[in-house]
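See structure below.
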Amino acid sequence: MTIMELERNIERYGVDFARWPSALAEQALDLIRVSEDAQDIYSRETAFDEAFLGGRGDAADLAARIADTLLDPLAAPPVPTVAGRRPPR
Amino acid sequence: MRRALKVDQHAFDPPWNLSGLPDESLYEMFRAGSSMALKALIDRHTGMLRRMARNIVGDEHEADDVVQDVFVAIWKRKDAWTPSEAKFSTWIYRVGINKAIDHRRRRKASPEAPDVVARAIDARQDIGQDQGAQLAGLQDQQLSARLRLAVARLPEAQKTALQLFYFEDQDVDQIATTMDASEQAVRSLLKRGRQALREQMRKEKKISPHDHHGTRTEY
């Protein structure tokens, strides 16, 4: 996929990849992964969505949790979320 | 001759009133050891990062994980960004996008039961919003309200297309059917509608220079 095709597909499907045909989504993500221009286009279009649809209280909640997790000297270190999933209860 | 006493305009600001500072200043303060500066950056960029992550990984809880990973990475490595690179906002969104894509690809490679993630989230302490986060949320809501008013003032066809796309989750094909228009016409309406809204946002100067919503001049 080229940059121009990415822009056209974003115009068509939006920035939510759940709304894209899956094969096209993967092509777009391949491009975005390797191209800073594509990343910037994607973040610009997402910024518009974010402004248009409005911030949500749950983002503020998440921000507060992250800040408290990182900045509380008594808190446990952040649990890795990539390599080691939290064990199920 | 008496010299005027120069006083930093922020000299007597409460120590937590950092919301007016640009990202670059906040990052430098964070590097120098200011936890409040990091908190201000988290408050400012979490919404956008979360939206991007959710759009890529397709799951709200995993999007939250991605956003946390971004800020943990920043917290751990204070020299991760330098001013000679792109703008801080550009850089952090690039980081967020890449982490979200990596997360999506790893999940596809080794899918896990959704309830594992849900239980992990449930295990977190429920921490209430602080004043800064509430203010950020309120400002976002106000911006959204202004944008909705701006949409209402658009030409009818553009307004309909944008509303169907953003509020009804219709894709271009569906909108074309709904509006009895061609796909090309619908794409054109969406594009012109977005351009009109961006122009409106710029004219009203409702977006601060530090707000990520207005980082690109082609807006």
Side-chain angles (χ1 to χ4, degrees), chain A residues 7-8 11-20 25-26 28-30 32-34 36 38-73 75 77-83 85-89, chain B residues 35 38-39 42-43 46-48 50-52 55-56 58 64-65 67-69 71-72 75 90 93-94 97-98 101 103-104 106 112 115-116 119-120 123-124 127-130 133-134 136-137 139-141 143-145 147 165-166 169 171-172 187 190-191 194 197-198 201 207 212-213 215-216:
Chain A
E7 287 184 298
R8 267 206 300 275
E11 270 183 32
R12 184 189 182 100
Y13 299 111
V15 289
D16 183 353
F17 284 109
R19 297 171 66 176
W20 289 49
E26 295 307 318
L29 288 168
D30 284 340
I32 290 170
R33 188 68 180 83
V34 301
E36 285 187 344
Q39 289 164 17
D40 294 345
I41 287 168
Y42 186 76
S43 65
R44 180 189 70 202
E45 294 299 327
T46 306
F48 180 82
D49 270 24
E50 177 69 5
F52 190 82
L53 297 172
R56 292 165 52 171
D58 48 1
D61 282 343
L62 174 61
R65 284 203 308 270
I66 292 173
D68 284 342
T69 299
L70 292 180
L71 303 177
D72 181 356
V79 178
T81 56
V82 172
R85 280 282 179 196
R86 300 176 187 83
R89 279 180 168 169
Chain B
S35 58
L38 177 60
K39 186 176 185 313
I42 292 171
D43 286 342
T46 288
M48 173 69 173
R50 190 169 189 269
R51 181 171 292 281
M52 278 199 305
N55 287 340
I56 291 173
D64 288 359
D65 284 350
V67 176
Q68 177 165 305
D69 286 350
F71 286 111
V72 166
W75 175 70
T90 302
Y93 300 146
R94 288 177 184 169
I97 286 171
N98 285 324
I101 294 174
H103 191 106
R104 176 188 169 113
R106 262 191 298 271
E112 293 189 39
D115 57 344
V116 170
R119 283 200 295 272
R124 290 180 185 165
I127 299 166
Q129 293 184 15
D130 69 357
Q134 281 177 332
Q139 287 171 339
D140 281 342
Q141 286 168 24
L143 181 59
S144 175
L147 279 169
F165 189 85
Y166 284 103
D169 280 346
D171 61 23
V172 169
R187 281 202 295 271
L190 289 172
K191 188 170 183 175
R194 283 193 284 252
L197 289 177
R198 286 184 186 124
M201 286 155 66
I207 299 173
H212 61 258
H213 299 313
T215 53
R216 298 293 293 252

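In what follows, chains carry the letters A, B, and so on, assigned in the order in which the sequence lines appear, proteins first and then strands, with residues in each chain numbered from 1. Small disclaimer: the values here were computed from a predicted structure and weren't measured.
To the nearest 0.5 Å, the span separating CZ on Phe165(B) from CD on Glu11(A) amounts to 9.5 Å. Summarising the geometry, atom CG belonging to Asn55(B) is positioned 8.0 Å from atom CZ belonging to Phe17(A); distances are rounded to the nearest 0.5 Å.
Within the 4.5 angstrom heavy-atom criterion, atoms from both the backbone and the side chain of Ile42(B) approach chain A. Contacts between Ile101(B) and chain A at a heavy-atom distance below 4.5 Å involve the side chain alone, from C-beta outward. Proximity to chain B involves both the backbone and the side chain of Arg12(A), based on heavy atoms less than 4.5 angstrom apart. Contact annotation for Ala25(A): only side-chain heavy atoms (C-beta onward) come within less than 4.5 Å of a heavy atom of chain B.
Listed by chain and residue number, Glu26(A) satisfy the side-chain hydrogen bond (donor to acceptor under 3.5 Å, both in side chains) test with Arg104(B) (two or more places apart in sequence, or in another chain). Take Asn98(B) and apply the side-chain hydrogen bond (donor to acceptor under 3.5 Å, both in side chains) test, not counting sequence neighbours, and it matches Arg33(A), Gln39(A).
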**Prompt:** Run the side-chain contact (heavy atoms from CB on, under 4.5 Å) check on Arg8(A) and Arg187(B) step by step: do they pass?
**Reply:** CA-CA 9 Å; Arg8(A) 267 206 300 275; Arg187(B) 281 202 295 271; 5.6 Å; no
**Request:** Applying side-chain contact (heavy atoms from CB on, under 4.5 Å), run through Thr69(A) and Phe71(B) and close with a yes or a no.
**Result:** CA-CA 10 Å; Thr69(A) 299; Phe71(B) 286 111; over 6 Å; no
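In plain terms, the two heavy atoms of Gly47(B) and Ala59(A) that are nearest each other are CA-CB, 3.8 Å. For the residue pair Ala47(A) and Met48(B), the shortest heavy atom distance occurs at N-CE, 3.4 Å.
Between chain A and the residues Asp171(B), Ile56(B), Leu190(B), the largest count of heavy-atom pairs under 4.5 Å involves Ile56(B).
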